[in-house]
Every structure is written in C-alpha cells, then in structure tokens.
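Notes to accompany the following structure.
Every value quoted in this text rests on a predicted model; they were computed, and no experiment measured them. Note that the numbering runs from 1 along the sequence shown for the chain.
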Amino acid sequence: AAGDGAFVIEAATRLLDSLRLRGITPTVSTLLERISAFEIHPREARRARVRICHVLMDHGLSEVDADVVSRRWVRIADFLTADLPDRSFTHVVGNPPYSRWSKIPATMRARYETVLPRRMTHGDLFLPFLDLGIGHLQIGGYLGFVCSDRWRYMAFAEGFRRERLPEVTIELDETIDARQAYVRNVDTYPSLLVMRRAVTKVTRMGDEIDRERMTLSEAGYCVRVGPALGITRAFVLEPGEDGIEPQLLAPWVNGRDILEGEMKYKGRQVIALYDDHGKLRDLDDFPRAKARLETYKSELANRSIVRKKAEWFRPIDRVVAANWRRPKLLIPELAKVPRIALDQSGAIPSHGVYAIFALDDNLSDLYELLRDGGLMDRLVLSAPRVKGEYFRCYKRFLDRLPL
C-alpha cells in the first residue's frame, strides 16, 4: 500500500545517504534489489515512480537508470497476494489501509479468503498487512507501521496475537494524534508500532529470557488509558439515573473506585456512542440518549474537536465497549500510594485510569506480582513524583515496569 510513495521516498533517501557514507556509487546494480513496494492502484504507483525518479536523478543516476530502478521498486500489485518468501526482508514499513472486512469489495474479499490464513480474513483489512509484514521479516529484522491499535484488543485479532506475537518483541507502541501522521483530516486513532522479529521465542513472563531484564511491554502486556469524554456529566449516568437505551450503556469507573486489590463499583454507567467496530452510532436511532445529550448541546457543539455539525454529540475519544470487555488490571494515574485492582466486569475506565491487558487474558501471575505493594516497589525506580508526593503512573512508565 505504497500510495504515492511517501515511505518509499524516505527509505530511498536514507539508502542513498548510507551508500554515500560508505563510498558506494549508486547504480542500477547496487540499487535494484534494495527496496520492494506494492501499490494496487496504477495511478498512485505511477506518481510514486515519478517522485522516486527525481530523488534518484538528484543523486546522480541518469533518467533511464532512474526509471528502471523506480519500476522495480514500485510494483503495481497487491501485497496481500504477492508471492514473496518468508523471512526475506530486513525492514518492513508502511501505513496499511483501515477498512472493516465487510466493506471490502466482494471479489477482492473472495480472493483474500482463498489465499490468506483464516486468522487474517475477518475484522479489519490492516490485520493481514501486519501479519504478513511480520512473516516477511528476517530474524532480527524490524517492522514499523503507522497502524490502528485495534489488533491489541479486538476479538478478530485473537488468532494473530496467538500466532505472531510470540515471534516478535515490541519496541514501540505509541498512540499519536492523526494530525501528526496525515496530511488530511482523518477520523482514525493511529499508533506508531515498531516490532522486531525475535532471535529466540519470547513467551509471556519470559520463560526463555532472564525475567529480571524483561519489562511489562517486552513480556507482551498492553497498557491503555481510559477514553477521554470531554464533558463527563453528559456521558456518565450516576447511580439511579435511567432512561437511556440499555444497549448503549457500560459500567464506568474512575480512580476513586479502585482500591488496593479490589474494585468498589458505585453503579455509574457511561454512554458508549460507538459500535463494536468503532463506528459512531446514528443518534436518531436512540431517541432517549439523544434527548439527554441535547440538554448539553450548547456545550458539546462548541468544542474544538467537533469538525462536522452532525457529530456534535461525540466524546473526545471513541468509547467502544468491546475494547474494554476483556479482563484487565486497573491503575489510577495519580496516587500517593500506587494501587492496582483486577476488573472482569467489562467496565470502561475514566481517562484518569490506565488498564493493563494480557494477550491471552491471563493476568493472574502479573496481578500477584504487582499487588500488595509490588507496583509501588517497581514504580519507585522510574516514575516521577509530582506536587504532593503523588506518583504519576503514565503509560511509558508502566510499559517499562521490570518483571
């Protein structure tokens, strides 16, 4: 999915700079087999080739040689069905398309379901790109994607997590603002994902690696912060409040509900305005929820996040109940004494609470390790304290917790 060549141009520039530093003259023979990019749309592929030609000619190649290299580098083909050997690349880089499987044209979907393993052929189109990208890496090779983070949580990626994650270590998984990654406004929540194909098989809690050197992230656990709502009182129902369509409601907890070793759920519920696929619901289909939110319309409609008048009611982050139904450990972001509790109710945490998920949903070992002061013992080594001697338990500090 090379598009008009943004990633290929950057890769080519770095390659040419590297050759120069090593005293190697760029020629057709030294360049031809260095890069392989795939683009299914001929028009976009042609644009990429033109841009690449300009870069190559700026580095001394003739127009004819630049054209030969650009045509080899950018193939008009579908990466998902390309005949490539496993473990043949040192780096795999890209921005895979995000599209629900049901939205893929029927003929393409049928072809994919014929040639791809079952674990790739449902849910979202970005998943087979990620799966195959890992498969094409050499041992020790790196994958870098701007990618949806739904592979971490959704049921459709369970087979992927089981099959592929033991083969890699996660070097970086950082949510970014879409404006940092795209030249146009897009309604998506991307993350920067960097994985390395492991030299030895990595198992949860590190059976084959020195446990003391493993971090929470390296052991395959995922840390995620609760969704930001914006105007909490509009979206959160206090105990005893009713009148909202029940299919929109999910349990909601904040930091005060989390005690050391237990949850004290107070009965609050949050309105989840996105369906299980992450699509914003049509408020006209839920007249009772619409009536409630319209009482806050003047505040909701004037927020900077509202780009379309028709979406005046959406929260800051997507509140998708399906993303939070799995077992998780909950940790308040700010605490004088860091505390942790296990939640199996499917509650959605507030934006001031972090959740830890396990790839196989088995959190018992980690919970025993971190409860009763274990979390604080580890945070003392890395997490900063703010005014009032409060610990700040950000994702980056939790990811680095030694196990």
Side-chain angles (χ1 to χ4, degrees), residues 149 152-153 170 172-177 189 191-192 215-219 221-236 238 250-270 272 303 305 315-321 323-358 363 366-367 369-403:
D149 66 355
R152 279 286 199 177
Y153 319 104
I170 298 172
L172 177 71
D173 185 12
E174 179 179 316
T175 301
I176 59 172
D177 190 311
Y189 291 80
S191 65
L192 294 179
T215 64
L216 192 74
S217 176
E218 290 169 342
Y221 293 99
C222 172
V223 179
R224 191 180 189 198
V225 69
L229 302 177
I231 300 176
T232 301
R233 63 184 182 281
F235 300 102
V236 174
E238 294 296 326
W252 185 84
V253 295
N254 64 17
R256 291 186 297 275
D257 299 328
I258 301 166
L259 306 181
E260 178 58 33
E262 64 176 319
M263 293 275 298
K264 287 291 186 181
Y265 176 58
K266 297 182 175 65
R268 285 172 292 201
Q269 299 181 92
V270 65
R303 296 169 299 156
I305 65 161
I316 293 174
D317 291 335
R318 299 186 190 192
V319 183
V320 181
N323 289 351
W324 302 96
R325 290 182 186 134
R326 295 169 54 204
K328 53 191 175 290
L329 300 178
L330 297 179
I331 300 171
E333 176 186 316
L334 283 174
K336 283 195 173 182
V337 179
R339 55 195 189 274
I340 187 168
L342 175 65
D343 174 61
Q344 302 189 75
S345 70
I348 298 176
S350 75
H351 195 57
V353 174
Y354 284 86
I356 300 175
F357 295 89
L363 289 161
L366 182 64
Y367 188 36
L369 194 67
L370 298 182
R371 65 185 303 181
D372 299 328
L375 175 61
M376 183 171 180
D377 290 343
R378 287 161 174 77
L379 284 172
V380 164
L381 302 175
S382 58
R385 296 197 194 197
V386 296
K387 187 176 180 181
E389 289 298 295
Y390 282 83
F391 280 93
R392 179 149 257 172
C393 305
Y394 280 162
K395 170 180 165 60
R396 64 178 177 271
F397 302 118
L398 295 174
D399 278 338
R400 297 170 188 168
L401 283 179
L403 300 180

| field | Distance, nearest 0.5 Å, that separates CZ of Arg378 from CG of Leu403 | value | 7.0 Å
| request: Answer whether the closest heavy-atom distance between the side chains of Arg224 and Asp149 falls below 4.5 Å. | output: yes
| More than 12 heavy atoms of other groups within 6.0 Å of Arg256 CZ | no
| query | Would you say Val337 and Met376 make side-chain contact, with heavy atoms under 4.5 Å? | reply | yes
| field | From NZ (Lys266) to NZ (Lys264), nearest 0.5 Å | value | 9.0 Å
| remark: When rounded to the nearest 0.5 Å, the distance separating CG of Asp173 from NZ of Lys395 is 5.0 Å
| remark: For Tyr394 and Glu333, the nearest pair of non-hydrogen atoms, with its separation, is CE2-OE2, 3.3 Å
| message | For a 4.5 angstrom cut-off between non-hydrogen side-chain atoms, does Ile258 reach Met263? | response | yes
| request: I would like to know whether Leu375 and Arg339 meet side-chain contact (heavy atoms from CB on, under 4.5 Å); could you show each step before the answer? | output: CA-CA 7 Å; Leu375 175 61; Arg339 55 195 189 274; over 6 Å; no
| query | Which heavy atom in Lys328 sits nearest to a heavy atom in Ala355, and how many Å separate them? | reply | CD-CB, 4.0 Å
| message | Quick check: do Asn323 and Arg318 have side-chain heavy atoms less than 4.5 Å from each other? | response | no
| Smallest separation among heavy atoms of Ala347 and Trp324, with atom names | O-CB, 3.8 Å
| Side chains of Thr232 and Arg268: does their closest heavy-atom pair fall under 4.5 Å? | no
| Which atom names give the shortest non-hydrogen contact between Pro227 and Pro349, and what distance separates them? | CD-O, 3.3 Å
| Shortest non-hydrogen contact from Ile231 to Phe235? | O-CD1, 3.3 Å
| Taking every non-hydrogen atom, the tightest pair across Leu398 and Cys393 | CD1-O, 3.8 Å
| note | Distance col, row Ile316:CD1 vs Leu229:CG, nearest 0.5 angstrom, shows 7.5 Å
| query | So how far is it from Ile331 CD1 to Phe397 CZ, rounded to the nearest 0.5 Å? | reply | 13.5 Å
| query | Between OH of Tyr221 and CZ of Arg152, what distance do you get to the nearest 0.5 Å? | reply | 12.0 Å
| Under a 4.5 Å cut-off applied to non-hydrogen side-chain atoms, are Val253 and Asp343 in contact? | no
| query | Under a 4.5 Å cut-off applied to non-hydrogen side-chain atoms, are Ser345 and Tyr265 in contact? | reply | no
